[in-house]
K.L.:
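First the structure, then my questions, so here it is.
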Amino acid sequence: MCGIVGYVGEAHAKEKIIDGLKKLEYRGYDSAGIALPVDGKIAIRKHVGEIKNLEKIILDPEFDSPIGIGHTRWATHGAPSDINSHPHGNEDNSIAIVHNGIIENYQEIKEWLAKDYGVKFKSETDSEVIAHLIGIFYDGDLLEAVNKAVAEMRGAYAVCAIAAAEPDKIVAVRKDAPLVAGIGKGFNFIASDIPALLKYVREVYLIENNETIVITADNITIYDENGKTVKRDVFHVTWDADAAEKEGYEHFMLKEIHEQPKAVYETLVRRINDDGSINLDGISMTKEDIEGYNKIYIVACGTAYHAGLVGKLVIEKMAKVPVEVDVASEFRYRDPFVDENTLFIAISQSGETLDTLAALREAKRKGARVLSVVNVVGSSVSRESDDVFYTWAGPEIAVASTKAYTTQLICMYLIGLYMGRTKGTIETEYYNKVLDQLKELPDKVDGLLKSEDKIAALAKKYHRREQVFFIGRGIDCGVSYEGSLKLKEISYINSFAIAAGELKHGTIALMEEESLVFALATQDFLYEKMVSNVEEIKARGARVIGVAKDGRTEIEKVADEVIYIPDCIDEVAPVVAVIPLQIFAYYVAKERGCNIDKPKNLAKSVTVE
Ligand code: F6R
């Protein structure tokens, strides 16, 4: 995700900012930049790629100042490029800003500024509108101009601004994106994350939502949303830099599991308009295109493939079109039936998986239209696709995918709903019901994360089992595959997923007292059948952990343990059902002393065959 560092002190702000930005590198970024007030103007230097590219273009002594703001960008609106990098200036660079988050109504603001003020925009970003807004409202008081600009903005943001005419201060504001102020002696900092500051300060103020803050070399003043000054307790940071990068979590995987409510929210908020319609900004698929597809292929690898398994059922149900799901390494070599009436959906977190890329090229060669569901903006898959549906999960650092998967699922629902509505294959009532349920997911996932201790206790109890099965029916089957993969890849336990109805066709021969079985029973219309499957397994002596929706207690009579997930419609259950499976895998791996974030033999991005 993007990182912000601002410094006001005695000299050489650029050096402190670079130090801070380097401490945020672990979060992933694609470009970096710095803005400083120099000789009555703001000088902005920015460069795509690593921070070392930026370092090379700021060496000259003329580019220096005791105050400045810097940024590492993880592209959201607009591909990674010098122009799209932050900081952004207004037209005469009398104002510069850095921004984390999204401005949901940036298109509206852009049109308004272009029409009424003749503003010409340089970048494709949502963030640039903030610099222009502040510039238009600026009348010698940066704090006032920032407050006026914020009143026009909707979305989530942490913004830091500087003005050429007030070269002694930074004004910052936060709404739903983190911001901390670092307290020094004769200097002060502002940053999006504590690790950026730890080289210079250990005392910080944690800025809260809707607060505005003014930072000079000697003062930090925090204002609430009514403009009243706020007294904030000093927070003393005791963690080391490594722990701070993980924001107090022991591993990136656990941090990313906990980021899912936010990631799911981000994916939804960018695509659902106030009137409930789905916004396909940047996607050029027309009604005629959608009506013309007689087949969809979803192709991916690993966890992304498992998201496709759920996607198949959802899209078929909503858009009434046959969907085939395939692993990319098979698809690319099997001469599949693909033509110009095929929609090919590639799913990939990294956007660099070689097999997925090769499958995409093969589909394109045969005339298919390619829509990709990708997390990394500007990646190879996104560049080679006709249209891209970004997942907005933010950088995923742990090798085992968690938040990328749940956001890929959200994209599947949104694509299904959009196609269904466009084709008229779903009723408005059903559409609204699914939409309402999707909007409730961030809170439901958050609620479930609160039962982490209970699942950790189960992991402690069962971590020595060497054979684990995951079974489910319907949409639960896809979730079983994902639960099984999570467990095996980080704990090295031999785990296996199978459609519950297939058990007695062979696999049940393996069931014995030492086996552990996760039985996913979240689908109301298949619930009784799952209870019967659990009975069959229990008859062979295996231990069973059931996963069911709140209130579906019948399974307690047959399973040894039951994990309840919040009640929801069957279709969206995977987003909540996978959470306990991720947590279980994490704690089992921890009990077994495994290298959780970097499991043996695995890489985050598989760019070879
Ligand atoms: C498992 C995992 C992998 C990836 C797979 C595809 O936790 O992360 O199975 O899902 O390698 O990677 P992407 O999504 O980057 O194409």
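Note that the structure is a prediction, hence the values are computed from the model and not measured.
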K.L.:
Just do the salt bridge (Lys or Arg N to Asp or Glu O under 4.0 Å) check on Glu514 and Arg543 with the steps written out, would you?
P.N.:
CA-CA 8 Å; Glu514 271 312 294; Arg543 302 288 292 184; over 6 Å; no

K.L.:
Take Val338 and Lys295 through the test side-chain contact (heavy atoms from CB on, under 4.5 Å) and record every step on the way to the result.
P.N.:
CA-CA 8 Å; Val338 171; Lys295 181 184 207 175; over 6 Å; no

K.L.:
Check the pair Arg592, Ile493 against side-chain contact (heavy atoms from CB on, under 4.5 Å), reporting the backbone distance first and the verdict last.
P.N.:
CA-CA 10 Å; Arg592 291 166 74 103; Ile493 288 175; 3.4 Å; yes

K.L.:
For the residue pair Phe518 and Phe470, does the interplanar ring angle fall in the parallel (under 30°), tilted (30 to 60°) or perpendicular (over 60°) class?
P.N.:
parallel

K.L.:
If we ignore angles and hydrogens, is there a donor and acceptor under 3.5 Å between the side chains of Asp387 and Ser284?
P.N.:
yes

K.L.:
So, Thr353 side chain and Asp355 main chain: donor-acceptor pair closer than 3.5 Å or not?
P.N.:
no

K.L.:
Within the structure provided, determine whether Val323 and Ile345 are in side-chain contact (heavy-atom separation under 4.5 Å).
P.N.:
no

K.L.:
Got more than 12 heavy atoms from elsewhere within 6.0 Å of NZ, Lys364?
P.N.:
yes

K.L.:
Inspect the contact between Glu591 and Arg464 and indicate whether a charged nitrogen and a carboxylate oxygen are less than 4.0 angstrom apart.
P.N.:
no

K.L.:
Under 3.5 Å, side chain of Glu396 to main-chain N/O of Ala404, donor-acceptor pair present?
P.N.:
yes

K.L.:
Are side-chain heavy atoms of Ile410 and Val575 found at a separation under 4.5 Å?
P.N.:
yes

K.L.:
Can you tell me how far apart CZ (Phe469) and OG1 (Thr507) are? Round to the nearest 0.5 Å.
P.N.:
7.0 Å

K.L.:
Considering only heavy atoms from C-beta outward, does the side chain of Glu104 approach that of Val269 to under 4.5 Å?
P.N.:
yes

K.L.:
Compare every heavy atom of Val588 with every heavy atom of Ser491, then report the nearest pair and how far apart it is.
P.N.:
CB-CG1, 3.9 Å

K.L.:
Start with the C-alpha distance between Asp570 and Phe525, add both sets of side-chain angles, then the distance that settles side-chain contact (heavy atoms from CB on, under 4.5 Å), and finish with yes or no.
P.N.:
CA-CA 9 Å; Asp570 287 358; Phe525 76 112; 3.6 Å; yes

K.L.:
So does Ala263 get a backbone contact from the side chain of Thr407, meaning a donor-acceptor N/O pair under 3.5 Å?
P.N.:
no

K.L.:
Between Asp560, Leu516, Ile455, which is the residue that forms a side-chain contact (heavy atoms from CB on, under 4.5 Å) with Ile545?
P.N.:
Leu516

K.L.:
Less than 3.5 Å apart, any donor N or O on the side chain of Asn494 or Gln467 sitting next to an acceptor on the other?
P.N.:
no

K.L.:
I need the minimum non-hydrogen distance between Cys2 and Trp74, along with the two atoms involved.
P.N.:
SG-N, 3.4 Å

K.L.:
Near Arg334 CZ, under 6.0 Å, is it more than 12 heavy atoms from other residues, nucleotides or ligands?
P.N.:
yes

K.L.:
Between Glu352 and Ser379, do the side chains contain an N or O donor and an N or O acceptor separated by less than 3.5 Å?
P.N.:
no

K.L.:
Does a side chain donor of either Gln260 or Gln582 reach within less than 3.5 Å of an acceptor in the other side chain?
P.N.:
yes

K.L.:
Is the shortest side-chain heavy-atom distance between Gln523 and Ile475 below 4.5 Å?
P.N.:
yes

K.L.:
Between atom NZ of Lys255 and atom CG of Asp597, what is the distance when rounded to the nearest 0.5 Å?
P.N.:
10.0 Å

K.L.:
Considering only NZ, NE, NH1 and NH2 on the basic side and carboxylate oxygens on the acidic side, decide whether Glu324 and Lys312 come within less than 4.0 Å.
P.N.:
no

K.L.:
Consider side-chain hydrogen bond (donor to acceptor under 3.5 Å, both in side chains). Of Glu259, His258, Glu256, Gln349, which one does Lys403 pass it with?
P.N.:
Glu259

K.L.:
Is NZ or CZ of Arg73 both nearer than 6.0 Å to the six-membered ring centre of Tyr29 and within 45° of the ring axis?
P.N.:
no

K.L.:
I want to check something: taking the side chain as every heavy atom from C-beta on, are Ile563 and Leu581 in contact at a cut-off of under 4.5 Å?
P.N.:
no

K.L.:
Is Lys600 close enough and on-axis enough to Tyr492, meaning under 6.0 Å and within 45°, for cation-pi?
P.N.:
yes

K.L.:
Within a reach of under 6.0 Å around NZ of Lys529, are more than 12 heavy atoms found that belong to other residues, nucleotides or ligands?
P.N.:
no

K.L.:
Flag this pair as yes if the NZ/CZ of Arg271 is under 6.0 angstrom from the six-membered ring centre of Phe389 and inside a 45 degree cone about the axis; otherwise no.
P.N.:
yes

K.L.:
So, are Glu316 and Lys320 salt-bridged, with charged N and O less than 4.0 Å apart?
P.N.:
no

K.L.:
Do Tyr564 and Glu556 touch side chain to side chain, with heavy atoms closer than 4.5 Å?
P.N.:
yes

K.L.:
Take Leu448 and Ile565 through the test side-chain contact (heavy atoms from CB on, under 4.5 Å) and record every step on the way to the result.
P.N.:
CA-CA 7 Å; Leu448 202 48; Ile565 60 168; 4.0 Å; yes

K.L.:
Compare all side-chain heavy atoms of Phe252 with those of Lys246 and state whether any distance is below 4.5 angstrom.
P.N.:
yes

K.L.:
Which heavy atom in Val562 sits nearest to a heavy atom in Lys454, and how many Å separate them?
P.N.:
O-NZ, 3.0 Å

K.L.:
Do Met412 and Val310 make a side-chain contact, defined as non-hydrogen atoms from C-beta onward lying under 4.5 Å apart?
P.N.:
no

K.L.:
Between Asn273 and Gly276 (side chain of the first, backbone of the second, donor and acceptor by atom type, cut-off under 3.5 Å), is there such a pair?
P.N.:
no

K.L.:
Find the distance between CD1 (Ile257) and CE (Met253) and round it off to the nearest 0.5 Å.
P.N.:
4.0 Å

K.L.:
Any chance you could measure Ser495, atom OG, to Glu466, atom CD, to the nearest 0.5 Å?
P.N.:
11.5 Å

K.L.:
Calculate, to the nearest 0.5 Å, the distance between atoms CD1 and CG belonging to Ile508 and Asn533 respectively.
P.N.:
8.0 Å

K.L.:
Is the side chain of Asp30 donor-acceptor paired with the backbone N or O of Ala75 at a distance under 3.5 Å, no angle test?
P.N.:
yes

K.L.:
For the ring pair His306 and Tyr405, is the centre-to-centre distance below 6.0 Å?
P.N.:
no

K.L.:
At what distance, to the nearest 0.5 angstrom, does CG of Leu417 lie from OH of Tyr413?
P.N.:
10.0 Å

K.L.:
Whether the side chain of Gln437 engages the backbone of Val572 through a donor-acceptor N/O pair (distance < 3.5 Å, no angle test) should be reported.
P.N.:
no

K.L.:
Take the angle between the ring planes of Phe331 and Tyr297 and call it parallel below 30°, perpendicular above 60°, tilted in between.
P.N.:
perpendicular

K.L.:
Closest heavy-atom contact between Ala559 and Gly546?
P.N.:
CB-N, 4.1 Å

K.L.:
One pair to check against salt bridge (Lys or Arg N to Asp or Glu O under 4.0 Å): Lys23 and Asp193. What are the steps and the verdict?
P.N.:
CA-CA 9 Å; Lys23 284 287 167 206; Asp193 307 87; over 6 Å; no

K.L.:
Considering all heavy atoms of both residues, which atom of Lys439 and which atom of Ile272 are nearest to each other, and what is their separation?
P.N.:
CE-CG2, 4.0 Å

K.L.:
So, Asn100 and His71: side-chain donor and acceptor under 3.5 Å apart, yes or no?
P.N.:
yes

K.L.:
Would you confirm whether Ser31, through its side chain, and Val48, through its main-chain N or O, come within 3.5 Å as a donor-acceptor pair?
P.N.:
no

K.L.:
Does the Ser515 side chain pair with the main chain of Met511, one donor and one acceptor, at a distance under 3.5 Å?
P.N.:
no

K.L.:
Between His99 and Ala158 (side chain of the first, backbone of the second, donor and acceptor by atom type, cut-off under 3.5 Å), is there such a pair?
P.N.:
no

K.L.:
Is a donor on one side and an acceptor on the other found under 3.5 Å between the side chain of Tyr462 and the backbone of Ala457?
P.N.:
no

K.L.:
Less than 4.0 Å between a side-chain N and a carboxylate O, is that true for Lys444 and Glu440?
P.N.:
yes

K.L.:
Which heavy atom of Leu309 sits nearest to which heavy atom of Tyr481, and what is that distance?
P.N.:
CD1-CD1, 3.9 Å

